[in-house]
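Encoded as structure tokens, the structure appears first; notes follow it.
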Amino acid sequence: MTLTRRLLLLALISVLPAIVIWTYTEVSLRRAREAEVNDLAIRQAQLVGAELERVCDGIHSLLLAVDETPSIRAFDTAACSPYLKAIQEKVPYILSFVAMDISGHIRCRPLGTIDTQHYFADRAYFHEALSRLGFVVGDYTPVFEEGGLAPQPVLPLALPIWNDRGDVVGVLAAALDLAWLNQKVKERTVPENGSVTVADRRGIMIVQHPHPERMLGKLLPQEYLAQASAKTIGTAETISADGLKRIVGYIPLAVPPRDIYVNVGLSTKAAFASINQAARRGFMLIAAALILALSLSALLSRAFITKPFEIVTDGIRAWRQGDYQARIDLPGKSGEFGILGRAFNDLMDDVAERQHALQASEERARLALEAGHMGTWWYDPNKGVGGWSTQATAMLGFPHASEVMDHQHWLDILHPEDLDRVVRKWHDSVKNQGDYQDEYRIRLPNGDLRWINSRGRVFFDIQKRPVYFIGIFQDITEQKHAEEQQRFFLDELNHRVKNTLTTVQSIASQTLRTTETSAQFKEAFEGRLLALSKTHNLLTRKSWREAELRDVAEQELAPYRKQGDERVVLNGPNVRLPARYAINLGLVLHELVTNAAKYGALSTNAGHLDMNWTVVQNEDRPDQLRIHWTESGGPPVAPPKRQGFGSRLIRRSIEGELGGYMVLNFAEGGVSYDISVPLAHASKASDSKVDSTFEINPVLPS
């Protein structure tokens with residue numbers, strides 16, 4: 001290959017980094033965009049699920065109200081039918097209400113008629129409502145005969161009817177208009193160029209966009225049925241009913257809203273349009289740069305390479321013919337060729353100087369080995385002996401007598417687990433007639449283990465037989481320890497970040513479901529995040545190993561405690577909590593303090609709050625941390641009508657995350673909590689005047 005062609009090849013290679021960077025950037029952007037689109041698809045599916053839950057919750061509330069009507073409970077047709085008709089007219093998306101007795105006879109409906117000739121007890125929602133004794137969502141129904149409706153697809157929702165004695169006497173059902181539901185979901189949740197599919201537990205589609213007229217009431221495609229039976233939310237790439245390629249985010253039947261499958265598709269063409277356009281621009285720029293580089297290289301190669309190269313080769317040819325007075329005469333601005341010409345001119349004068357430089361280089365190499373804590377080794381396979389340099393024996397703590405050792409001694413100091421691999425690598429280096437490199441452990445005379453990074457080369461005779469091995473090795477024990485410690489810290493950090501993100505996600509999701517306005521959500525969410533942040537601060541000061549229960553409690557109650565004020569009392573021994581325990585108990589105490597400040601003892605000046613904790617030791621089972629939270633002197637308390645997220649968070653943290661239990665008492669004088677949490681390990685203090693300190697295994701049941 002000529003030098004000109006090599007120059008052109010070099011120009012081509014010079015553009016390769018740009019191509020590699022462009023390719024890497026393109027792949028990274030596409031992966032990031034793909035992850036973003038997948039996340040967006042899941043969030044859109046969750047939005048549809050939330051909208052369906054909102055609709056079902058509204059109908060549930062309406063049925064509960066209707067169920068309390070005396071005429072419905074008594075099946076008074078003359079009174080209940082006009083009542084149902086009036087309600088149905090106010091709720092146009094409910095096509096009909098039907099009250100059936102326990103035998104499945106129609107007793108009340110907006111038409112004002114009863115039907116004792118037909119039985120509708122065979123309806124799936126009828127049986128399910130009676131078996132669950134609660135609100136149920138039925139299956140796709142093309143004709144709601146019990147409501148006296150013309151053929152029209154509906155989704156029945158039902159609730160048992162109780163009489164005044166608390167006995168179930170029938171079922172109250174409502175027919176949700178699926179045409180209205182399709183329009184509602186489309187208006188509120190379907191993105192541009194997107195699709196949405198909702199199916200009941202049998203896999204029958206009840207909401208579909210686009211082309212609802214073709215797909216409504218039909219069985220889901222096979223790939224959607226597989227998604228519906230999945231255990232968790234996910235994404236998939238598929239071809240939608242309209243022929244467009246989409247990324248689908250789906251919510252299976254087992255995930256809320258339960259018994260309803262939801263998927264939302266986003267157009268891949270629209271999602272990746274900007275990235276594709278940027279990729280085309282980048283490719284065109286790289287192609288233009290490549291063409292320009294090749295053109296300039298071809299034009300300049302003759303003037304700056306070919307002609308100087310001919311002058312150099314003429315001078316070398318003269319030397320080979322014995323003209324040792326010949327010189328390479330290049331113009332003063334010949335660049336690298338001028339340097340090359342001067343180097344050839346000075347070659348003979350530099351032989352002696354180069355020999356001296358070689359000796360100096362060897363000395364520098366020896367000093368470099370000492371400075372880098374390295375040593376040399378050698379091995380003669382014909383004699384079966386080898387050895388280490390003085391630097392090597394001193395570095396590893398061997399006596400100078402061990403600078404020479406036989407083959408068996410070498411094998412004896414190798415770690416048994418590394419022995420076979422080390423021997424195999426030696427044989428491979430001989431077989432492949434190449435260099436040798438390996439990392440292994442050796443055992444020192446005092447029993448310590450050292451990690452060695454060994455590099456060497458095999459020398460062969462004319463018959464290609466190995467005659468000598470020589471190389472260097474370096475003690476990398478500290479490096480290995482540092483790598484292990486780094487991996488440990490990275491795994492620990494990854495574990496803690498995942499746990500924290502999971503906690504924040506759960507708090508946000510549950511708070512959103514239990515608040516009605518953005519202001520309420522902001523206040524509740526910020527309060528819970530602040531509690532989590534305070535606990536994290538405590539853990540950070542302790543390097544994320546533990547936190548004192550007293551510190552967690554004091555930071556939550558600090559705004560309500562004043563100097564000399566005994567309205568808030570904390571009493572208990574020192575208890576060190578691992579990170580998982582501290583986070584969960586921090587959230588629990590935040591909810592208890594918030595409730596006390598809003599509704600309990602801390603909402604008045606006369607209120608009093610006692611928080612006491614003890615540790616109950618057991619011989620045959622884990623010790624128990626008992627926390628007693630007692631409020632008094634506040635407003636009168638009564639059990640709440642419904643359980644909010646704060647109460648669910650307290651119970652889930654204690655009973656679910658920490659494996660304990662909780663007893664809640666709404667006494668007339670004030671609310672009280674009795675909490676018990678198992679401790680995995682306990683260590684007793686030797687001094688009786690010092691509180692016992694408990695350490696808990698951070699690996700907890702999920």
Side-chain angles (χ1 to χ4, degrees), residues 38 40-60 91 93-95 124-125 128 135-144 152-158 173-242 244 246-267 513:
N38 286 340
L40 180 59
I42 290 176
R43 285 190 278 114
Q44 288 292 130
Q46 291 173 334
L47 180 61
V48 173
E51 182 66 18
L52 293 174
E53 281 192 313
R54 188 186 67 80
V55 172
C56 292
D57 288 345
I59 297 175
H60 183 196
V91 189
Y93 56 86
I94 301 297
L95 299 180
Y125 68 82
E128 192 172 0
F135 178 74
V136 297
V137 178
D139 303 327
Y140 171 86
T141 303
V143 182
F144 193 66
Q152 185 172 356
V154 299
L155 183 68
L157 302 98
L176 176 62
D177 185 3
L178 290 183
W180 174 88
L181 184 61
N182 269 268
Q183 186 64 26
K184 190 74 172 178
V185 171
K186 175 183 176 182
E187 291 176 354
R188 295 178 64 89
T189 60
V190 178
E192 184 178 358
N193 295 324
S195 67
V196 62
T197 300
V198 181
D200 62 17
R201 77 194 76 186
R202 300 177 304 168
I204 304 300
M205 286 181 274
I206 60 176
V207 173
Q208 171 63 35
H209 178 80
H211 308 303
E213 67 282 353
R214 294 192 335 212
M215 308 302 295
L216 198 63
K218 293 185 179 180
L219 186 65
L220 287 169
Q222 191 62 36
E223 58 181 319
Y224 286 0
L225 287 175
Q227 296 171 6
S229 60
K231 300 299 182 183
T232 59
I233 296 173
T235 60
E237 190 172 292
T238 185
I239 304 297
S240 299
D242 56 354
L244 291 180
R246 289 189 172 93
I247 294 178
V248 171
Y250 60 86
I251 302 177
L253 296 172
V255 178
R258 295 189 181 276
D259 299 332
I260 296 180
Y261 164 76
V262 177
N263 80 36
V264 174
L266 303 178
S267 172
R513 291 197 182 116

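Basis for what follows: all heavy atoms, side chains included, without hydrogens, waters or symmetry-related copies.
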(message) Do I59 and I94 have side chains that approach each other closer than 4.5 Å (heavy atoms only, starting at C-beta)?
(response) yes
(request) Decide yes or no for Y93 and V91: does some side-chain heavy atom of the first lie under 4.5 Å from some side-chain heavy atom of the second? (result) yes
(message) Checking D259 now: which residues fulfil side chain to side chain donor-acceptor pair (under 3.5 Å) with it, not counting sequence neighbours?
(response) R132
(message) Do L220 and Y261 make a side-chain contact, defined as non-hydrogen atoms from C-beta onward lying under 4.5 Å apart?
(response) yes
(request) May I ask you to decide if Q208's main-chain N or O and N182's side chain share a donor-acceptor pair within less than 3.5 Å? (result) yes
(message) Is the shortest side-chain heavy-atom distance between L157 and H60 below 4.5 Å?
(response) no
(request) Working to the nearest 0.5 Å, report the span between CG of L266 and CG of L40. (result) 5.0 Å
(request) Measure the spacing between CG of L216 and CD1 of I204 and express it to the nearest 0.5 Å. (result) 10.0 Å
(request) Could you tell me whether a side-chain N or O of N263 sits under 3.5 Å from a main-chain N or O of V248, the two making a donor and an acceptor? (result) no
(message) Quick check: do W180 and V55 have side-chain heavy atoms less than 4.5 Å from each other?
(response) yes
(message) Show the nearest heavy-atom pair for residues F144 and A173, with the distance to one decimal.
(response) CZ-CB, 4.4 Å
(request) Applying side chain to side chain contact (heavy atoms under 4.5 Å, CB included), run through Q152 and D177 and close with a yes or a no. (result) CA-CA 8 Å; Q152 185 172 356; D177 185 3; 3.4 Å; yes
(message) Please report the interatomic distance OH(Y224) to CG(L219), rounded to the nearest 0.5 Å.
(response) 13.0 Å
(request) Could you tell me whether a side-chain N or O of E51 sits under 3.5 Å from a main-chain N or O of E53, the two making a donor and an acceptor? (result) no
(message) For A45 versus V262, what's the shortest heavy-atom pair and its separation?
(response) O-CG1, 3.7 Å
(request) Side-chain contact test, heavy atoms from C-beta onward, threshold under 4.5 Å: evaluate it for Q46 versus I42 and give yes or no. (result) yes
(message) Tell me the closest heavy-atom pair linking A124 and D139, and the distance in Å.
(response) CB-OD2, 4.2 Å
(request) Calculate, to the nearest 0.5 Å, the distance between atoms NZ and CZ belonging to K184 and R54 respectively. (result) 5.5 Å
(request) State, yes or no, whether a side-chain contact exists between L52 and V185 at a heavy-atom distance under 4.5 Å. (result) yes
(request) Determine yes or no for a side-chain-to-main-chain donor-acceptor pair under 3.5 angstrom, with S229 supplying the side chain and Q227 the backbone. (result) no
(request) List the atom of G194, the atom of P210, and the distance in Å for their closest heavy-atom pair. (result) O-CD, 4.3 Å
(request) Taking all non-hydrogen atoms of both residues into account, name the closest pair between D200 and L253 and its distance. (result) O-CD2, 4.0 Å
(request) Might you point out which heavy atoms bring C56 and F135 nearest each other, and give the distance in Å? (result) O-CZ, 3.7 Å
